[in-house]
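Worksheet: the structure to be examined is printed underneath.
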Amino acid sequence: MSGMQLSRDELLNAYRTMRTIRVFEDRVSAEMASGDIPGNTHLYAGQEASAVGVCFNLTSTDSIASTHRGHGHCIAKGCDVDGMMAEIFGKDTGICRGKGGSMHIADLSKGMIGANGIVGGGPPLACGAALTAQILGRDDVAVCFSGDGAINQGTTAESMNLAQIWKLPVIFAVEDNGFGEATAKSFVVAGEITKRAEALGMAHAMVDGVDFFAVHDAAQEAIARARRGEGPTLLHIETPRYYGHFSGDPDNYRTAEEKAAMRLERDCLTVFRRRVLEAKLLNESDLDAVDAEVQELIDGAVKAARAAPQPGLETLTTDVYVRYV
Amino acid sequence: MSVKSYRQALNEALHQEMARDPHVIVIGEDIAGGAGASGQQDAWGGAFGVTKGLLGAFGPARVRDTPISESAFVGAAVGAAATGLRPVAEIMFVDFLGVCFDQIFNQAAKFRYMFGGKAVTPFVLRATFGAGTRSASQHSQALYPIFTHIPGLKVVIPSSPYDAKGLLTQAIRDNDPVIFLENKLLYDTVGEVPDGPYVIPFGEANILREGSDVTIIAFGRMVHIAMDAANALAKEGIDCTVIDPRTTSPLDEDTILESAEETGRVVIVDEANPRCGMAADVSSIIAEKAFGALKAPIMKVTAPHTPVPYAPNLEAAYLPDATRVAAAARAAFTYGK
Amino acid sequence: MADTIQPITMPKWGMTMTEGRLASWLVQEGQQISQGQEFVEVETEKITNVVESLVSGNIRKIIVPEGATAPVGALLAVVAEPTVPDSEIEQFINSYADRAGKSDDETEGQAAPRVVAAGPHSLNILSIGDGDGQPAILVHGFGGDIGTWLFTQDALAQNRKVHIVDLPAHGGSAPSLEKGSVEELAAALLMAMDALSVEKAHLVGHSMGGAVALSLAQSAPGRVASLALIAPAGIGPEISSEYIEGFLNADRRKPMKDVLARLFASSEAMSAGMVENVLRFKRLDGVPEALGAIAANIAEQGKQKIDLKPALEGAGVPALVIWGEQDAVIPSSQATGLPAGVQVEIISNAGHMPMMEASSTVNRLLSSHLASADAK
């Protein structure tokens, strides 16, 4: 079923999730500037259609492995937004009790097996989640989100081979935002990314990451293939990165014109609105209502995070082991 | 109860735990051996024969030969552990950890802490270690101090067949990531091993002999060297306690300190290199917590600060032996007298 | 003249003992000793024990000094009358090295425990000795095993067959119990008697093993020739919950050492090896659960749940009760007020394990009890 055939509620949910990510990231950027967020963040704004388009096809027993730019994946997989914001503020009410921060948000009960501070850290782990499903005879799948930077890590190459020889139910969602940190993809990535899958005999597809519906449909097909036991797929999702590599990155390796054009021409929220309005699937007031609702959600999350206590010092030494001695 | 080799003891633990719990899987290079080839399946049973017979008993889904991609299969084992399995991954030589270390120390070791106590990662990494097989610098190291350094990992170094089975069973049932290191030269050593499953708790040192003159603390195969030295010293009238901590993380500090306080003279035997090794670590603990009881400097018997050499005479000189241990114990015993 | 020179050698206690450490000499060179006198203390990896002399005479030469370790069968000292010249003593010592090897051959032939199928149970049983006397069966206590009788078994096996049994879920016997009750253990012991074709036997039981013996005497009176009960459970109200709970909970050396120390009047009788043995047993899958079930059947909050005093009253066979005066597990006061005709012996300087701490006294008592019961 194509994304365009989704129900009204489903479409509103998809839009709400994308809008939540956008407002969350814009707000984190603003709060970073206030100096009250202790660590660093890597913002996902611009890439929302990718996370939401893929995760819309997943259930809570499916797993995703994420990246340092993980807030969008977390929200799309159902992580609690209040808990995420509190985590980023380093508070006791954080989703990881203030011990992980932006780069380590995880909620295993939701199948979110972790944002990851290591580029290329996720692919072997996603294979592992897929292996669990395969060995226990479940029809769950694992999605490995990674960037065009991670495509050059050995772990990615090794994991793709492993997934293909074992027919693991895993989807490599390569979010190509054109940059590995401050270096352009054109400078460091040889050949075409899909050809790397092709060389292994792995199914693959190029996807327009600005279009929720394109991502949704491509992911749906890949996930169905994985659930049928037919093995992995690589999705090469082209998507813009609105902010620099990290919050505070002056992002001066891109021209102001390029950045302005990107936000104007490649905004997945604008594209979504246009498509559902043209197809008369939703009307403008529905979408505006969602925008207002999301704004309130994020305001509340920030307010709660600011008011929350810091973790108690006694937690410094807890949770290293399930049981040590 | 019967006499079994260290290798058989490990194999029996794997068999019994795989039979007991369908979530236990074994994964690694050539752990069956022969997969996809024209000849025998389970041809090797692991590079050292420890996993022999598991393929036939439990099938290829749970006994997985892998490509030579340590990052991918070790990481997959970690990911599988975080999502419900109890994988036992094997890397042939601990030296190969260089190509998959991220998955061990940045991923497996840290999930629980950085996810706020919500992750459980029951992952076991088995690997061989140790010099003495003419395998030179990249197949002979004793790298357990590196793992011991990392919070979130547990590190096990069994020295006998009895300990090997009980500690591996505990490792598989444990809910934390465990690095389980087997000295290649111990595989054919034999000892009494119960036939049924049993567990030895981590952080519980084994006291192999009790004497009031000198405390010798030794790790892995060095335990045997320490015992040889202690037996020789007994004939000279020097009565040694020999302690095998069994696990370097957690470390049974109490047993070590209690004995150090009793004898006041301590020798630590460690096959690892001397800087930031277990000998250095344990001596710092004793110096800090039992300083008043010491009657002699803490003696360390370790490998030198060099890679492992190939030539037999050089390798023999590299490894601690009973003569060096006895000399150190004698020096500790006579110091200040 | 040489036959008046007598060797004193390192004893062998149990299958696994290969050497012993000479803890201390209680006599000096030149001193006269008599048969039965305690004269040397030997420490094995399992236990420290005082050895009684089998001979009388003068300690002419001590060969193994205190603190030294010597193999089983090694010459520890030489006893001879003062009239024997030193040169002959020297000659004897020098020639002894040739003879020492023989003890190895004896070890080879020594009986090993075997697993006997007894109904649903697989029981580890050591059978030794032979002779005209009625067979004896030795039954250990809660958490114990055949090692309990290390210093007892040889004395009793002089003129009879002795079967030393590991109860289900103990020692080398599988944890095959359904409920873990004393009746179930007694039924298992009866099945073992059937499997061993023992029609009638003297039952020697320690602690819970005493209760098992009493229960068997109650359910199958014709099968019991006599009862010898050492610190038995089942005939009084109190039992140490600290011991039972401690034993169940201890899974590491230190706490287990503290728990086992309660068994002895002097904790010096214990060694690291004994603690390690118990830990090895308790680490086996199924054992902690089985012991927990048994404990729950025996006692609750320091009170015994079984009353087998009627069994002792109605046994109708010779009965001996031995208690260590300083027993901290089951108080020796329970030895008072027992039915008439029961021989009661209280041993000073012993705790819950008098057959280890005062083995010579206990062996004498048991031997004469069995002999007189045989005669009836």
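Letters A, B, ... are given to chains in the order of the sequence lines, protein chains preceding strands, and every chain is numbered from 1.
Ile172(B) places none of its side-chain heavy atoms less than 4.5 Å from the side chain of Phe123(B). Using a 4.5 Å heavy-atom cutoff, the side chains of Leu131(A) and Ile25(B) are in contact. You'll find the side chain of Phe246(A) stays beyond 4.5 Å of the side chain of Glu181(A), heavy atoms only. Between Leu234(A) and Ile193(A), the closest side-chain pair of non-hydrogen atoms falls below 4.5 Å. A heavy-atom distance below 4.5 Å is not found between the side chains of Tyr324(A) and Thr317(A).
Of the listed residues Gly203(B), Gly117(B), Gly152(B), the one with more heavy-atom pairs under 4.5 angstrom with chain A than any other is Gly152(B). Contact count against chain B (heavy-atom pairs under 4.5 Å) is highest for Gly121(A) among Gly111(A), Gly121(A), Gly114(A). Taking Lys118(B), Glu204(B), Gln107(B) one by one and counting their heavy-atom pairs under 4.5 Å with chain A, the maximum is reached by Gln107(B). Ranked by heavy-atom pairs under 4.5 Å with chain B, the list Ile165(A), Leu136(A), Asp140(A) is led by Leu136(A). Looking only at heavy-atom pairs under 4.5 Å with chain A, the residue among Thr121(B), Asp102(B), Val74(B) that has the most is Asp102(B). Chain B forms the most heavy-atom pairs under 4.5 Å with one residue out of Val325(A), Leu125(A), Val320(A), and that residue is Leu125(A). When Leu85(B), Leu153(B), Ile68(B) are compared by the number of non-hydrogen pairs under 4.5 Å with chain A, Leu85(B) comes out ahead. Of the listed residues (Ile118(A), Val322(A), Ile105(A)), the greatest number of heavy-atom pairs within a distance under 4.5 Å of chain B belongs to Val322(A).
Annotation: residues 77-97 of chain A contacts chain B through Ile95(A), Cys96(A), Arg97(A) [non-hydrogen atoms, separation under 4.5 Å].
Using a cutoff of 4.0 Å between basic side-chain nitrogens and carboxylate oxygens, Arg306(A) and Glu31(A) are scored as salt-bridged. Between Arg20(B) and Glu17(B) a salt bridge is recorded (basic side-chain N to carboxylate O distance below 4.0 Å). Under a 4.0 Å N-O distance rule, the pair Lys167(A)/Glu230(A) does not qualify as a salt bridge. A salt bridge does not link Asp174(B) to Arg86(B): none of the charged side-chain nitrogens sits closer than 4.0 Å to a carboxylate oxygen.
Of the atoms belonging to Leu108(A), it is side-chain heavy atoms, and not backbone ones, that fall under 4.5 Å from chain B. When heavy atoms are compared at a cutoff of 4.5 Å, Asn161(A) approaches chain B solely by way of its side chain, counted from C-beta outward. For a residue to count as touching a neighbouring chain, one of its non-hydrogen atoms must lie under 4.5 Å from one of that chain's; by this rule Ser249(B) touches chain A with backbone and side chain alike. For a residue to count as touching a neighbouring chain, one of its non-hydrogen atoms must lie under 4.5 Å from one of that chain's; by this rule Asp107(A) does not touch chain B. Residue Thr156(A): no heavy atom, backbone or side chain, is found under 4.5 Å from chain B. Both the backbone and the side chain of Ser159(A) have a heavy atom closer than 4.5 Å to some heavy atom of chain B. The contact between Thr318(A) and chain B is made entirely by backbone atoms, counting heavy-atom distances below 4.5 Å. For chain A, the nearby parts of Asn175(B) are the backbone and the side chain; heavy atoms of each come within less than 4.5 Å. Heavy-atom distances place both the backbone and the side chain of Thr66(B) under 4.5 Å from chain A.
Between Phe105(B) and Phe101(B), the ring-plane angle classifies as tilted under the 30° and 60° cut-offs.
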Using distance only, find each side-chain donor-acceptor pair of residues 76-84 of chain B under 3.5 Å and give its atom names and separation, not counting sequence neighbours.
| from | atom 1 | to | atom 2 | distance (Å) |
| --- | --- | --- | --- | --- |
| Thr83(B) | OG1 | Thr132(A) | OG1 | 2.8 |
| Thr83(B) | OG1 | Gly79(B) | O | 2.8 |
| Thr83(B) | OG1 | Ala80(B) | O | 3.2 |

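Summarising the geometry of Ala219(A) relative to Leu235(A), their closest heavy-atom pair is CA-CD1, 3.9 Å, with the distance given to 0.1 Å.
With sequence neighbours excluded, the residues forming a side-chain contact (heavy atoms from CB on, under 4.5 Å) with Ala173(A) are Val143(A), Phe145(A), Ile237(A), listed by chain and number. Residues meeting the side chain to side chain donor-acceptor pair (under 3.5 Å) test with Thr51(B), sequence neighbours left out: none.
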